[in-house]
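First the structure, in the form of structure tokens, and then the observations on it.
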Amino acid sequence: MYDHQSIEKKWQKQWQDSHLYKVGEDITKPKYYILDMFPYPSGVGLHVGHPKGYIATDIFARLKLMQGFNVLHPMGFDAFGLPAENYAIKNKMHPKTATDANVANYKRQLEILGFTYDWEREVNTTDPEYYKWTQWAFLEMFKKGLVFESYEPINWCPSCKTGLANEDLEDGKCERCGTEIEQKPMRQWVIKITNYAERLLADIEKLPDWEESIKEMQRNWIGKSEGSEINFTIKDSDQVIKVFTTRVDTIFGCTYVVLAPENELVEKLKPQITNWSQVEEYIETVKNKSNLERTDLNKDKSGAKLEGVSAINPFNGKVVDVFIADYVLNSYGTGAVMAVPAHDERDFEFAQKYGISIKKSINPSPREEAIGCYTEDGFLVDSGEFTKMDSASARLKMMDWLEKNNHGNRKINYKLQDWVFSRQRYWGEPIPIVHCDKCGAVPLPYDQLPLTLPDVESYEPSGTGESPLATISDWVNTTCPTCGGPAKRETNTMPQWAGSSWYYLRYIDPKNSEALVDKEKEKYWSPVDFYVGGAEHATRHLIYARFWHKFLFDIGVVNYEEPFKKLKAVGLIMGEDGRKMSKRWGNVINPDDIVEKYGADSLRLYEMFMSPFSDSSAWNTNGLIGTRKFLDRVCNITVSEETDSPAVVNILHKTIKKVADDILDFKFNTAVSAMMILVNAVYDQGGKMNKSNYTLLVQILAPFAPHLSEELWSNIGEKESIFKSPYPAYDPELMKDENVTMVISINGKVRANLEVPAGIAEADAMALALDNEVIKGWLEGKEVIKKIFVPDKLINIVIK
RNA sequence: GCCGCGAUGGCGGAAUUGGUAGACGCGCUGGACUUAAAAUCCAGUUCUAGCGAUAGAGUGAGGGUUCGAUUCCCUCUCGCGGCACCA
């Protein structure tokens with residue numbers, strides 16, 4: 001048993017006092033930048049699941065340090081946003097006071113785990129010196145025309161009383177509070193992230209070291225689809241309905257056209273529509289539907305016919321009816337589709353309900369008739385000059401035809417939507433824009449940054465679509481930077497994700513007041529070599545950050561197009577009952593208690609040992625006690641002058657190699673098990689270990705259990721920190737096995753083992769095998785058909 | 001519905017250019033030490049039959065390739081995650 005409390009405190013202080021983790025640019029060493037997703041400090045503090053990723057990167061960082069790299073492994077806090085603000089409101093505190101207290105608590109909880117952070121590089125997104133550069137980047141985007149004011153209806157959370165981006169929704173509900181989202185038209189700032197859709201998608205292919213699952217999520221989220229836009233002219237009108245389709249090959253089967261109820265064309269067609277009151281009524285019902293009702297796939301399709309309006313199919317001149325229906329989304333494509341009930345299930349369902357004719361234009365093959373609704377590619381029928389072509393070539397020919405005859409064009413659409421960037425809340429970065437009656441929306445000059453968040457009497461969101469900032473009239477009323485006339489400040493704030501979109505750059509140069517990041521320093525440290533965090537950020541933070549970074553690349557602030565070279569997702573730690581750790585289930589394990597009782601090193605080791613890093617698994621305190629026992633066993637080894645057994649030496653050198661390989665591969669569970677095997681072997685020779693070999697054992701343990709290792713290191717007389725010592729080299733000669741156990745199997749079934757010198761020749765091994773008593777018994781009276789020899793592994797004898 | 005991932009003892013998990021399935025840890029059983037307990041140390045622990053040597057079965061299910069399959073191929077079941085009326 002060792003006294004973890006005194007040892008851990010002692011070395012934490014020692015490391016801090018000696019500035020062990022202070023890091024600067026050092027061109028004599030290779031750099032390595034390893035990053036964790038910085039935490040969002042909530043009121044309840046960390047549970048044992050949160051630091052899992054931090055422990056892993058810390059072990060990795062310590063190994064790299066010992067391997068001679070200049071390692072940047074920073075930490076900071078993402079502290080703006082709704083949860084902190086809601087917590088402050090609930091506890092009747094100023095959000096800043098609440099946030100500062102939460103940050104302090106998080107920092108304390110991180111410090112007791114013994115991480116290698118250089119706290120002089122800490123960043124905090126709520127620090128005006130930090131968000132000055134968030135605002136600066138926003139203004140740069142504004143100047144490049146990437147930011148615009150929109151009045152379109154957006155997702156509105158009635159509980160959080162703010163507008164939200166598409167990425168902030170889960171199943172049509174607010175990702176934060178679970179409240180159902182409404183559509184609310186309001187003024188907002190929007191960033192044209194869709195301008196970067198193609199690059200964000202294409203460059204995923206430049207990220208071979210990202211986890212495939214995350215890349216796939218991003219591809220789906222961006223949702224590229226290639227097709228055509230086709231003009232259906234409206235009979236007796238100068239209006240045109242543009243539809244988007246990926247299946248132009250089915251167009252001869254089009255029997256009607258559908259507009260989204262919100263499509264602005266509907267209003268324009270009003271004079272022609274003879275059943276306007278009916279149409280209006282339908283639009284009203286749609287408006288009253290919640291998001292959830294609207295997107296429920298099981299619901300009956302509904303719609304209304306626009307009487308008096310008909311559209312002309314440019315391919316065959318056929319006149320078809322026009323409907324509005326809420327199964328067509330206004331936010332995607334043109335907000336209008338051509339309906340081909342014979343070859344699209346949604347159109348089929350709608351056509352059946354409203355008694356619209358269904359016309360077949362595709363067969364599965366030239367000899368096979370399509371039955372019912374056939375949605376696959378096939379061969380065209382009744383399709384004019386395109387009849388008999390296969391779908392793929394017909395699409396190409398038909399797109400050519402469209403373009404040649406000016407009836408439409410090729411078109412690529414993305415599911416990704418522009419980034420709604422306004423929040424009607426207090427606790428966020430103020431948007432540095434001034435509204436002037438004469439000059440319009442005017443960006444604040446750079447010398448007025450940061451635009452600091454003013455104090456306000458009430459932080460409660462108003463719910464009117466105005467931020468609480470709107471009530472501070474002496475802050476709101478200002479002068480126009482352009483004309484000097486009276487003007488008003490923008491009162492919306494930036495979303496939660498703004499500050500986290502570029503924080504990894506600020507660690508490189510955290511105190512720079514002249515630039516977001518110094519170019520030379522950025523060149524030295526960028527890109528982030530390895531980024532570790534939760535998979536839940538795949539389509540939020542990780543898309544925003546890639547976008548923000550590409551923009552900074554375009555304006556010459558950074559040197560690389562992609563911010564994160566390698567990415568790994570951390571698996572969740574569940575409660576002992578297998579459920580997510582939460583107050584609600586009463587299954588939360590607090591790291592403070594574990595550190596106090598069993599020590600930080602035990603916790604570190606256990607979290608790495610419990611399962612493969614990216615898997616989620618349930619906490620088990622007995623398992624933790626097991627890793628603590630292992631540390632006690634290491635502690636109880638007697639350092640001796642005697643020579644170690646060949647077995648111990650052999651295992652030691654294999655372990656030196658395996659542990660380093662496994663850490664670099666993020667296979668911590670097998671690294672820990674390898675060290676356990678080594679220590680078991682030491683106990684097999686009586687619990688004594690030769691001092692020089694013992695030194696190596698302590699060094700390989702150091703990244704996992706830094707406090708205990710540092711203590712054992714100093715106990716054997718070392719003066720400098722163990723982390724200034726080089727990671728041990730293994731001796732390939734000592735790793736070699738002298739003897740190996742070969743398996744002899746008969747027809748693939750193991751029948752005997754053979755202890756032989758490593759590298760034994762086939763003939764010798766075979767002779768030994770055939771001489772084996774057990775084998776002889778099996779071979780008696782049988783015919784040997786084949787003999788297989790795998791060097792140092794096995795012999796298989798096939799008999800009949 | 002579409003896409004991705006997965007399924008191995010009582011439990012967490014290990015093993016893949018195809019070569020002893022169950023490493024390591026937990027739990028459990030027995031032993032040593034102790035007046036006793038805890039801690040520690042030692043031994044055992046996939047299932048079935050047998051005192052035992054041993055034999056048979058066994059990596060979600062079924063089939064295939066192979067001297068040999070947890071590993072490769074096909075079909076299916078279940079679980080997890082993401083997206084979802086995206087035309």
Side-chain angles (χ1 to χ4, degrees), chain A residues 1 170-172 211-221 223-225 227 243-248 250 258 260 294-299 301 325-329 331-340 343-347 349-350 375 413-417 535-536 538-539 569 572 605-606 609-612 614-627 629-630 632-633 636 667 669-680 683-684 686-687 741-753 774 785-799:
Chain A
M1 285 287 279
E170 250 169 31
D171 288 333
E211 232 162 82
E212 193 49 46
S213 60
I214 297 200
K215 291 198 277 188
E216 196 57 27
M217 280 189 228
Q218 293 209 346
R219 287 189 198 103
N220 291 340
W221 189 260
K224 180 178 185 174
S225 90
V243 303
F244 174 72
T245 183
T246 54
R247 291 297 306 273
V248 63
T250 65
V258 195
R294 243 195 107 155
T295 54
D296 182 4
L297 283 161
N298 299 321
K299 72 149 197 229
K301 295 219 175 346
D326 67 352
Y327 80 90
V328 174
L329 306 174
S331 55
Y332 183 76
T334 59
V337 302
M338 63 171 209
V340 184
H343 306 295
D344 181 284
E345 276 171 26
R346 295 153 300 185
D347 299 338
E349 193 190 325
F350 190 82
T375 59
N413 272 323
Y414 300 90
K415 287 190 214 174
L416 182 74
Q417 292 182 28
E536 70 274 18
T539 56
L572 286 178
L605 207 65
Y606 172 60
F609 182 58
M610 63 193 295
S611 67
S614 295
D615 288 6
S616 74
S617 70
W619 178 267
N620 177 348
T621 301
N622 277 329
L624 170 90
I625 294 171
T627 56
K629 275 190 206 161
F630 163 72
D632 284 330
R633 277 161 76 82
N636 292 337
K667 283 154 71 176
N669 55 335
T670 49
V672 174
S673 114
M675 291 189 289
M676 287 172 166
I677 291 168
L678 172 60
V679 171
N680 288 347
Y683 272 71
D684 284 344
T741 306
M742 281 187 76
V743 165
I744 311 167
S745 54
I746 309 260
N747 288 350
K749 275 206 179 298
V750 178
R751 296 301 176 186
N753 287 337
V774 179
I785 296 174
K786 202 171 178 180
K787 291 184 230 167
I788 315 269
F789 174 78
V790 182
D792 287 351
K793 292 235 165 110
L794 65 61
I795 287 171
N796 187 23
I797 302 171
V798 186
I799 58 170

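Nothing here was measured: the structure is a model prediction, and the numbers come from that model.
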Counting just side-chain N and O atoms, does [X] come under 4.0 Å of either OP1 or OP2 of [N]?
X	N	answer
A:Lys793	B:G19	no
A:Arg633	B:C41	yes
A:Tyr327	B:A87	no
A:Asn796	B:U20	no
A:Lys749	B:A55	no
A:Asn669	B:A14	yes
A:Lys215	B:G82	no
A:Thr670	B:A23	no

May I ask you to test the A:Gln218-A:Lys215 pair for a side-chain heavy-atom distance under 4.5 Å? no
Given RNA chain B, 5'-ward residue of the pair A:Tyr332 and A:Met610, judged by closest heavy atom: A:Met610
Of A:Asn636 and A:Ser617, whose closest RNA chain B nucleotide lies nearer the 5' terminus? A:Ser617
For A:Ser745, the side chain to side chain donor-acceptor pair (under 3.5 Å) test, sequence neighbours excluded, returns A:Asn796
By side chain to side chain donor-acceptor pair (under 3.5 Å) - contacts of A:Ser213 (at least two apart): none
What verdict does the salt bridge (charged side-chain N to carboxylate O under 4.0 Å, His left out) test give for A:Glu345 and A:Lys301, after you've listed the backbone C-alpha separation in whole Å, the side-chain angles of each residue and the deciding distance to 0.1 Å? CA-CA 11 Å; A:Glu345 276 171 26; A:Lys301 295 219 175 346; over 6 Å; no
With heavy atoms under 4.0 Å as the rule, sort [X] into base, sugar-phosphate or nothing.
X	result
A:Thr741	base
A:Asn622	sugar-phosphate
A:Gly626	sugar-phosphate

Record whether the side chain of A:Lys415 comes under 3.5 Å of the base of B:C83 through a donor-acceptor pair of N or O atoms. no
[atom1] spacing across the pair [N] / [M], given as an integer number of angstrom:
N	M	atom1	value
B:A84	B:C78	P	25 Å
B:U70	B:U65	P	16 Å
B:C5	B:C42	P	43 Å
B:U8	B:G79	P	14 Å
B:C76	B:C3	P	13 Å
B:A7	B:U59	P	14 Å

For A:Asn747 and B:G56, what is the distance between atoms CG and P respectively, to the nearest whole Å? 12 Å
Integer-rounded Å distance: B:G22 C1' and A:Ile677 CD1: 13 Å
Report the distance from atom NZ of A:Lys667 to atom OG1 of A:Thr670, rounding to the nearest 0.5 Å. 5.5 Å
Among [options], the one nearest [X] by side-chain distance:
X	options	answer
A:Asn680	B:A23, B:G56, B:G25	B:G25
A:Val743	B:G13, B:A23, B:U20	B:U20
A:Lys629	B:C26, B:C24, B:U20	B:C26
A:Phe244	B:A87, B:G12, B:G82	B:A87

Those stems involving RNA chain B that have three or more consecutive Watson-Crick or G-U pairs, both distances under 3.5 Å, are B:1-7 with B:77-83, B:10-12 with B:24-26, B:27-32 with B:40-45, B:46-49 with B:54-57, B:60-64 with B:72-76
Do A:Asp347 and A:Tyr327 have side-chain N/O donor and acceptor atoms under 3.5 Å apart? yes
For a quick check under 3.5 Å, do A:Tyr332 and A:Ser225 share a side-chain donor-acceptor pair by atom type? yes
